[in-house]
Protein chains: 2
Amino acid sequence: MDLRALETFQAVVATGGIGRAAAKLHRAQSSVTSRIHQLELSLGVQLFHREGQRLHLTASGEALVDYAGRMLELAEQTRAAVRDNEAVGQLRLGAMESVAASRLPYPLAEFHRQHPQIVVNLQTASSRGLVADVQAGTLDAAIVGESVDTTRFRSVPLYVEELVLVAARGSALLREPKQLAEGTVLVYHSEGCAYRRRLGQWLEAQHIVPARMLEFASYHGIFAAAAAGVGASLVPRSVLEVFPQRDALSVRDIPPRVARLQTALVTLRTRHLPVLAKLEACLREDAAAVRGGTRRGKRTRG
Amino acid sequence: MDLRALETFQAVVATGGIGRAAAKLHRAQSSVTSRIHQLELSLGVQLFHREGQRLHLTASGEALVDYAGRMLELAEQTRAAVRDNEAVGQLRLGAMESVAASRLPYPLAEFHRQHPQIVVNLQTASSRGLVADVQAGTLDAAIVGESVDTTRFRSVPLYVEELVLVAARGSALLREPKQLAEGTVLVYHSEGCAYRRRLGQWLEAQHIVPARMLEFASYHGIFAAAAAGVGASLVPRSVLEVFPQRDALSVRDIPPRVARLQTALVTLRTRHLPVLAKLEACLREDAAAVRGGTRRGKRTRG
DNA sequence: ACATCATCATCGGAAAAATCGATCATGGAC
DNA sequence: GTCCATGATCGATTTTTCCGATGATGATGT
């Protein structure tokens, strides 16, 4: 049984003749005849009763009419369903460097696995810059640690980052927050960085003014400097976890109120891309898995 | 999209690999690869994400898994449905000569159209003989004008025959029933004939004893003799209607109580043939059409 | 009665598709 | 590094599908 044979059969029934069906299907009459015969053979049943020139449906044939219609309909639905699940084009996604480094690799891989046709354009910037880019339409979506105007933006909570103080293993800087005033604080170079702002607010509330500040363009730089004993920094624990030489660093928690920072996927309410919903699904699923500690397929290498 | 391609796809998903699917389907690995590629091409969609050697379903692929299952299931149902509607074998049907001549041609043609594989073995005999044959198992079913024992037989009412008196056009025999005593009465040769019995009862009730009786083996004989002025006979109007030279005959009604005779399809309760149900359906439908006067496809030739 | 038309079946060859076997490419395991 | 498992690719072969021509059959028109 073949879908094309069913179509042929349906055409013969609809037009009431093999010749007319052949014309309708732009095929030779002999082809239609063969096809019907083959269908009858494969079903082991006579579909038409031939008396002279005219064809009449047999009981089996009448049964098949119904099922053929259903099968072809389902085939059409299948094509449509598969088509609808196929997203094409590109997706411009922005994220904070920290998120891009620690959180995104897995869900983005998953997304690409599910939608190989989508070209994901990932840019990193500060939270404020990202929100501005989404607003400007330069980005389709961004993952930020900012709270945004919910009238213009749609904001889907994703990960809760926990900020921790890090410094070289054994460094005196972590013993008490006040010690930070004596040393160098390593910060991300952009003013729009949500973590840097959080750090600034915390220090200010405690009337701590660091002796020196060093700006870095990447977390690798910050970690390298911290590990070398240059100073201390406030970083998300998730980023620290993907830092290869994290054994060279000491970590110190800070009060949860200051430490916890919600990140969210932010999109313009006016922009509705079907692809975006798929990406959002991947991210939410991953965030949920991270919260539950059961990220499937996660490979922990020795 | 092809059902075999869907099976292949399903096998690949089930076994988790093209090679294993090929083994399962007893096909070469390259064939499966081609088939999947062709399926992807025909759907215009990437079903698997190839990273290195392993295959992962894309979102489109996952959608197809569901639909492929449904399609193959429906295909199986189709095969089953068509098979179930296919009846094979032979059917031994008995009928009174009158019914066989006047009523059966159309519904039997319809039945044969619907079930070309069934060999219908039609025998004519008297009502009593037919019932005996059904009882003996020589016949699968019979159409008779008898009332039968409903504990052993199943009886489905079909046609109501109307018996009429016929004789040569202008014959005096039809003027009054009593005239029959003066002439020759033409009867069917079997004692078991329901019509003949009805005639006998009627004449007896009126204390009419025909001068002569002639037995015939067929209605053609009776009609020919009647038309030739040999005598009168009591025949079903339906048979008269299919007699070509009916213009040579005069017809006279008799009281409905005597004239009307119900025929029925009789089968043994212990015998259940699926084919028989189909035949019964054809006969009932035809009988209903005759009652309603709307027998479809009936061709009245000029 | 005869020719004509419409219809479907059959046949042989051509075109297309599916399959196979062998080989290559790639990434992981030892 | 070498093996091993896995798919992709290629050319040859087999199978399937299609076409065009021809034949058979019954209805229609003259």
Side-chain angles (χ1 to χ4, degrees), chain A residues 1-58 61 105 109 112-113 116 297-302, chain B residues 1-58 61 105 109 112-113 116 297-302:
Chain A
M1 193 171 41
D2 178 359
L3 287 181
R4 296 198 58 191
L6 291 184
E7 277 181 59
T8 307
F9 171 73
Q10 218 181 31
V12 171
V13 174
T15 61
I18 287 197
R20 279 179 291 276
K24 182 179 180 181
L25 299 171
H26 308 293
R27 212 160 304 150
Q29 171 259 316
S30 60
S31 303
V32 176
T33 298
S34 310
R35 219 86 164 90
I36 295 294
H37 278 156
Q38 184 231 27
L39 182 59
E40 287 182 325
L41 193 66
S42 88
L43 289 174
V45 153
Q46 200 167 329
L47 297 171
F48 292 100
H49 179 232
R50 282 89 169 164
E51 60 172 284
Q53 72 273 21
R54 214 156 210 82
L55 298 177
H56 300 281
L57 278 173
T58 64
H112 178 248
R113 190 184 68 65
K298 164 102 176 183
R299 294 183 205 153
T300 51
R301 55 173 169 167
Chain B
M1 193 169 43
D2 179 358
L3 287 180
R4 297 198 59 192
L6 291 183
E7 277 181 60
T8 308
F9 171 73
Q10 220 181 31
V12 171
V13 173
T15 61
I18 287 199
R20 280 178 290 275
K24 181 179 180 181
L25 299 171
H26 308 292
R27 214 164 300 154
Q29 171 259 316
S30 60
S31 301
V32 175
T33 298
S34 310
R35 219 80 163 96
I36 295 293
H37 278 156
Q38 184 231 28
L39 182 59
E40 289 183 323
L41 192 66
S42 87
L43 290 173
V45 153
Q46 200 168 327
L47 296 171
F48 292 100
H49 180 232
R50 282 91 168 164
E51 60 173 283
Q53 71 271 23
R54 214 155 209 82
L55 298 177
H56 301 279
L57 278 172
T58 64
H112 179 248
R113 189 183 70 63
K298 163 105 176 183
R299 293 185 207 152
T300 50
R301 55 172 172 169

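Just so we're on the same page: letters track the sequence lines, and every chain starts at 1. As a basis for the values below, the full set of heavy atoms in this structure was taken, side chains included, without hydrogen atoms, waters or symmetry mates.
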task = Take B:L47 and B:V45 through the test side-chain contact (heavy atoms from CB on, under 4.5 Å) and record every step on the way to the result.
result = CA-CA 6 Å; B:L47 296 171; B:V45 153; 4.0 Å; yes
ask   = Could you walk me through whether A:D2 and B:R4 pass the side-chain contact (heavy atoms from CB on, under 4.5 Å) check?
value = CA-CA 8 Å; A:D2 178 359; B:R4 297 198 59 192; over 6 Å; no
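The backbone N or O of B:V32 lies less than 3.5 Å from no partner atom in the side chain of B:R27, so there is not a single donor-acceptor pair. At distances below 3.5 Å, not a single donor-acceptor pair connects side-chain atoms of B:T8 with backbone N or O atoms of B:R35. With B:E40 contributing its side chain and B:Q46 its backbone, the two residues share no donor-acceptor pair below 3.5 Å.
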note = Secondary structure of DNA chain D per the Watson-Crick/G-U criterion (both distances under 3.5 Å; [ ] crossing, | other strand, . unpaired) is ||||||||||||||||||||||||||||||
Please tabulate, for side-chain N and O atoms in residues 15-24 of chain A, each donor-acceptor pair with protein atoms closer than 3.5 Å (sequence neighbours left out).
residue	atom	partner	partner atom	Å
A:T15	OG1	A:A11	O	2.8
A:T15	OG1	A:G17	O	3.1
A:T15	OG1	A:A21	N	3.3
A:R20	NE	A:T15	O	3.0
A:R20	NH2	A:G16	O	3.1

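In this structure, A:M1 and A:L6 have side chains that are in contact, with non-hydrogen atoms separated by less than 4.5 Å.
Judged as a side-chain hydrogen bond (donor to acceptor under 3.5 Å, both in side chains), and not counting sequence neighbours, A:S30 has no contacts.
Counting heavy atoms of neighbouring residues, nucleotides and ligands inside a 6.0 Å radius, atom CZ of B:R54 does not exceed 12 of them.
Listed pair A:R50 / C:dA9 meets the phosphate criterion, a side-chain N or O lying under 4.0 Å from OP1 or OP2.
Of the residues in residues 5-20 of chain A, none lies under 4.0 Å from DNA chain D by heavy-atom distance. Within residues 22-32 of chain B, the residues that have a heavy atom under 4.0 Å from DNA chain D are, in order of number, B:Q29, B:S30. Only A:R35, A:Q38, listed by number, bring a heavy atom of residues 33-49 of chain A to less than 4.0 angstrom from any atom of DNA chain D.
Using modelled atom types, one finds a donor on one side chain and an acceptor on the other under 3.5 Å when comparing A:Q29 with A:T33.
In this structure, A:F48 and A:F9 have tilted ring planes: the angle between them lies in the 30° to 60° band. Relative orientation of the A:H56 and A:H49 rings is tilted, given thresholds of 30° and 60° on the angle between their planes.
D:dT17 atom C1' lies 8 Å from atom CZ of A:R4, rounded to whole Å.
Nearest heavy-atom pair across A:T58 and B:P116 is CG2-CG, 3.5 Å.
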